[in-house]
Amino acid sequence: QVQLVESGGGLVQAGGSLRLSCAASGSIESINVMGWYRQAPGRQRDMVAVILSGGSTNYADSVKGRFTISRDNAKKMVYLQMNNLKAEDTAVYYCNADLTLKSSSGRMYRYWGQGTQVTVSS
């Protein structure tokens, strides 16, 4: 099976920085899109940033200029560098990946991590 494991969340003051990491493991053939989403209490899960295998990126307007997504294809990892954090960035952050399995004959699957809490105090 496949696992996505996030790390790097925590409590930080407004204006501070955090770096989230997500490691994918299991019987993975290839990973197409990797991304970060977040969900605040009482709200829907929203896209924060995504990155394709070739390096193209897309960001939510609210984080442009403050967050940077990157990935290491060889290590099957994706990162989210978060700078100038604001109270409204407080949420559970989830990693996801669209990937093919070694046994799936090219069929794409989406997997999610368990989430990591980011709390920004004002």
Check your understanding: Honestly curious: do Val78 and Leu52 fall in one hydrophobic cluster under the side-chain, below-4.5 Å linking rule?
Key -> no

When you group the ILVMFWY residues by side-chain heavy-atom contacts below 4.5 Å and let the links chain together, are Val63 and Val120 in the same group? yes

Do the numbers put Arg38 on top of the ring of Tyr94, so that NZ or CZ is under 6.0 Å from the six-membered ring centre and no more than 45° off the axis? no

Whether Asn58 side chain and Ile51 backbone form a donor-acceptor pair below 3.5 Å: no

Task: Centroid-centroid under 6.0 Å between Tyr37 and Trp112 rings - done: yes

Taken to the nearest 0.5 Å, the spacing of Ser30 OG from Leu101 CG works out to 9.5 Å

Quiz item: Donor-acceptor pair, Gln3 side chain versus Ala24 backbone, under 3.5 Å?
Solution: no

message: Closer than 3.5 angstrom, by distance alone: can the side chain of Ser122 be matched with the main-chain N or O of Ala87 as a donor-acceptor pair?
response: no

Q) Judged by modelled atom types alone, do Thr90 and Thr119 share a side-chain donor-acceptor pair under 3.5 Å? A) no

| task | Look at the side-chain heavy atoms of Ile, Leu, Val, Met, Phe, Trp and Tyr, link any pair under 4.5 Å apart, and say whether Met34 and Tyr111 land in one connected group. | result | yes

To the nearest 0.5 Å, atom OG of Ser53 lies from atom CG of Asn32 at 5.0 Å

- request: Examine distances only and state if a side-chain atom of Tyr59 and a backbone atom of Val50 form a donor-acceptor pair shorter than 3.5 Å.
  value: no

Does the side chain of Met77 come within less than 4.5 Å of Ser21's, by heavy atoms?
-> yes

Rounded to the nearest 0.5 angstrom, the CG-OH distance for Asp98 and Tyr109 is 13.0 Å

Next item on the list: Dump the intermediate steps for side-chain contact (heavy atoms from CB on, under 4.5 Å) on Tyr93 and Gln117, then the final yes or no.
Entry: CA-CA 6 Å; Tyr93 283 70; Gln117 177 71 45; over 6 Å; no

What one should report as the nearest heavy-atom pair of Met82 and Val118 is CE-CG2, 3.9 Å

query: Any sub-3.5 Å donor-acceptor pair from Arg66's side-chain atoms to Ser62's backbone N or O?
result: yes

One should read off an interatomic distance between Ser56 OG and Ile69 CD1, to the nearest 0.5 angstrom, of 11.5 Å

One should read off an interatomic distance between Met108 CE and Ile31 CD1, to the nearest 0.5 angstrom, of 10.5 Å

Look at the side chain of Gln39 and the backbone N and O of Val92, then say whether any donor-acceptor pair between them is shorter than 3.5 Å. no

Is a salt bridge present between Asp61 and Lys64, judged by a nitrogen-to-oxygen distance below 4.0 Å?
-> yes

Note: Ser17 and Asn83 closest approach over all heavy atoms is OG-OD1, 2.9 Å

| task | Decide whether a cation-pi geometry holds between Arg71 and Tyr79; the criteria are a distance under 6.0 Å from NZ or CZ to the six-membered ring centre and an angle within 45° of the ring axis. | result | no

When rounded to the nearest 0.5 Å, the distance separating NZ of Lys76 from OG of Ser25 is 9.5 Å

Are the side chain of Gln13 and the backbone of Ser121 linked by a donor-acceptor contact shorter than 3.5 Å? no

Minimal heavy-atom distance between Leu80 and Ala49, with the atoms involved, is CD1-CB, 4.3 Å

